Amino acid sequence: MGKILGVVNQKGGVGKTTTAINLSACLALEGLNILLVDCDPQANASSGLGLQRDDNRHSIYDVLVGNAPAEQVILPTPIDSLWVLPGSKNLTGANVELAAAEDRAVRLRQALEPIRNNYDLVILDCPPALDLLTLNVLVAANSLIVPMQAEYFALEGISELISTLERVRASFNPEIHIEGVLLTMYDDRTNLAQQVTETLREYFRDRLFRTVIPRNIRLAEAPSHGKPVALYDARSRGTEAYFELAGEFLARNRIESPRNAASKAAAASRQKAEVRFWPYS
């Protein structure tokens, strides 16, 4: 497929990195080949998949400034079909170093073009800012997932993102669109959460994911162990929610997961083996 999906919101603390890590992991566990690109100087997506901080290791920073091609920087993870292009604190300097470059907005797109078709999906984790790094993500991506909490300040932030998206569409990337808005850290017991959800549903309609990500202690604990929640606690509500999100994403894109296809094939094979013909022995 080679699709590039950005996980974007300029507001911090809304679950971007948690979503990038766990959606990537769940899709990989469904059998798809996934590349997660950590575009945040905090590099939390990298550490959340078990990569210890290493200032001497090549990162997406080296790719953006031309020190190394992307294929030489990609690293494996504990999940066989999930790879990561790690982030680095050096990315903070990329905003300054690339500012004068004529191709500053398209560096990430150019870097991913030779390798994107090696994967079913490339997922980009963004920093919490509408800076040059996020601009590169918007220019490179085919579509976006926008995680947000069910609170009124989040509504103000998303309007700014949509405005930026329109400018990017006009200047760099006419096909970019919002794949879906994802409610995270959700507590349906509060009236505020329900009111904001209704407001979002009226505005975004079917672009609001049916899946919501609940507040869940296992989701919060998993990064400190360097694991996605599906490996940390397979039975947690967080794991169930992100597998549900993965299923909804695949259904929207009319993709059948290899794991589901294999299960159907195995069931059909068993049914065929159980056929008996008269006279029965």
Side-chain angles (χ1 to χ4, degrees), residues 1-9 14-40 42-51 59-60 63-64 70-71 73-87 91 108-109 111-113 115-128 133-134 136-148 173 175-182 184 209 211 213 219 222-223 227-231 238 241-253 255 257-258:
M1 180 168 60
K3 181 173 181 175
I4 300 179
L5 176 70
V7 183
V8 180
N9 192 326
V14 297
K16 288 189 301 298
T17 298
T18 298
T19 295
I21 291 172
N22 290 295
L23 177 59
S24 296
C26 289
L27 289 170
L29 290 169
E30 287 288 344
L32 279 74
N33 290 318
I34 305 296
L35 173 64
L36 175 59
V37 182
D38 188 352
C39 300
D40 189 342
Q42 298 178 79
N44 289 333
S46 305
S47 60
L49 287 173
L51 296 181
S59 70
I60 186 63
V63 175
L64 292 176
E71 61 266 24
V73 182
I74 294 169
L75 298 172
T77 73
I79 299 174
D80 288 342
S81 57
L82 173 59
W83 292 265
V84 62
L85 207 170
L91 280 169
L108 183 59
R109 181 168 69 186
L112 294 177
E113 193 60 36
I115 62 168
R116 61 183 296 175
N117 290 324
N118 296 339
Y119 306 93
D120 296 306
L121 184 67
V122 178
I123 296 181
L124 313 176
D125 182 37
C126 286
L133 295 173
T134 299
N136 267 265
V137 169
L138 297 178
V139 172
N142 301 113
S143 63
L144 306 175
I145 286 180
V146 184
M148 61 181 294
N173 186 1
E175 72 173 78
I176 185 71
H177 64 279
I178 294 178
E179 177 99 23
V181 174
L182 174 68
T184 59
F209 282 108
T211 304
I213 308 301
L219 280 174
K227 296 180 179 179
V229 70
L231 298 186
Y242 274 108
F243 267 115
E244 185 178 342
L245 175 63
E248 187 174 353
F249 173 82
L250 292 173
R252 286 186 177 205
N253 288 274
I255 301 168
S257 77

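This is a predicted model, so every value here is computed, not measured.
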Identify the two heavy atoms, one from Ala20 and one from Ser24, that lie closest to each other, and give their separation to 0.1 Å. O-OG, 2.6 Å
Backbone N or O of Ala45 within a donor-acceptor pair of the Thr17 side chain at under 3.5 Å? no
Within the distance-only criterion (no hydrogens, no angle test), does the side chain of Asp120 pair as donor or acceptor with the backbone N or O of Asn33 below 3.5 angstrom? yes
Shortest non-hydrogen contact from Asn142 to His177? O-ND1, 3.3 Å
Ion pair check, Arg252 and Glu248, cut-off under 4.0 Å: yes
Taken to the nearest 0.5 Å, the spacing of Leu112 CG from Glu71 CD works out to 10.5 Å
Under 4.5 Å between any side-chain heavy atoms of Tyr119 and Ile74, yes or no? yes
Tell me, with the steps shown, if Leu23 and Leu5 meet side-chain contact (heavy atoms from CB on, under 4.5 Å). CA-CA 11 Å; Leu23 177 59; Leu5 176 70; 4.2 Å; yes
Step-by-step side-chain hydrogen bond (donor to acceptor under 3.5 Å, both in side chains) determination, Ser46 to Asp38: CA-CA 6 Å; Ser46 305; Asp38 188 352; 2.7 Å; yes
Working for side-chain contact (heavy atoms from CB on, under 4.5 Å), residues Ile4 and Leu124: CA-CA 7 Å; Ile4 300 179; Leu124 313 176; 3.5 Å; yes
Mind checking the CG-OG spacing from Leu91 to Ser59? Nearest 0.5 Å is all I need. 5.5 Å
Would you compute the distance between atom CG of Leu75 and atom CH2 of Trp83 and round it to the nearest 0.5 angstrom? 12.0 Å
Cys39 vs Asn136 side-chain heavy atoms within contact, under 4.5 Å: no
Looking at Leu36, is its backbone amide N or carbonyl O close enough to the side chain of Asp125 to form a donor-acceptor pair, meaning the two atoms are under 3.5 Å apart? no
Under a 4.5 Å cut-off applied to non-hydrogen side-chain atoms, are Glu179 and Asn253 in contact? yes
Under 3.5 Å, is there a donor-acceptor pair between the side chain of Asn9 and the main chain of Pro147? yes
Straight-line distance of Ser257 OG to Leu29 CG, nearest 0.5 Å: 10.5 Å
Does the side chain of Leu27 reach to within under 4.5 Å of the side chain of Leu250, using non-hydrogen atoms? yes
Heavy atoms, side chains only, cut-off 4.5 Å: are Ile213 and Asn22 in contact? no
Would you say that Asn173 contacts Leu138 through its side chain, given a criterion of any heavy-atom pair below 4.5 Å between the two side chains? no
Tell me, do Ile34 and Ile79 make a side-chain contact under 4.5 Å, heavy atoms counted? no
Kindly compute the distance separating CG (Leu144) from CG (Leu182), expressed to the nearest 0.5 Å. 13.0 Å
What do the steps show when you test Tyr242 against Thr19 for side-chain hydrogen bond (donor to acceptor under 3.5 Å, both in side chains), and what is the final call? CA-CA 8 Å; Tyr242 274 108; Thr19 295; 2.9 Å; yes
Ser143 versus Lys3: any side-chain heavy-atom pair under 4.5 Å? yes
Closest non-hydrogen atom pair between Pro228 and Leu49, with its separation: CD-CD2, 4.0 Å
Look at atom CG of Asn118 and say whether more than 12 heavy atoms of other residues, nucleotides or ligands are closer to it than 6.0 Å. yes
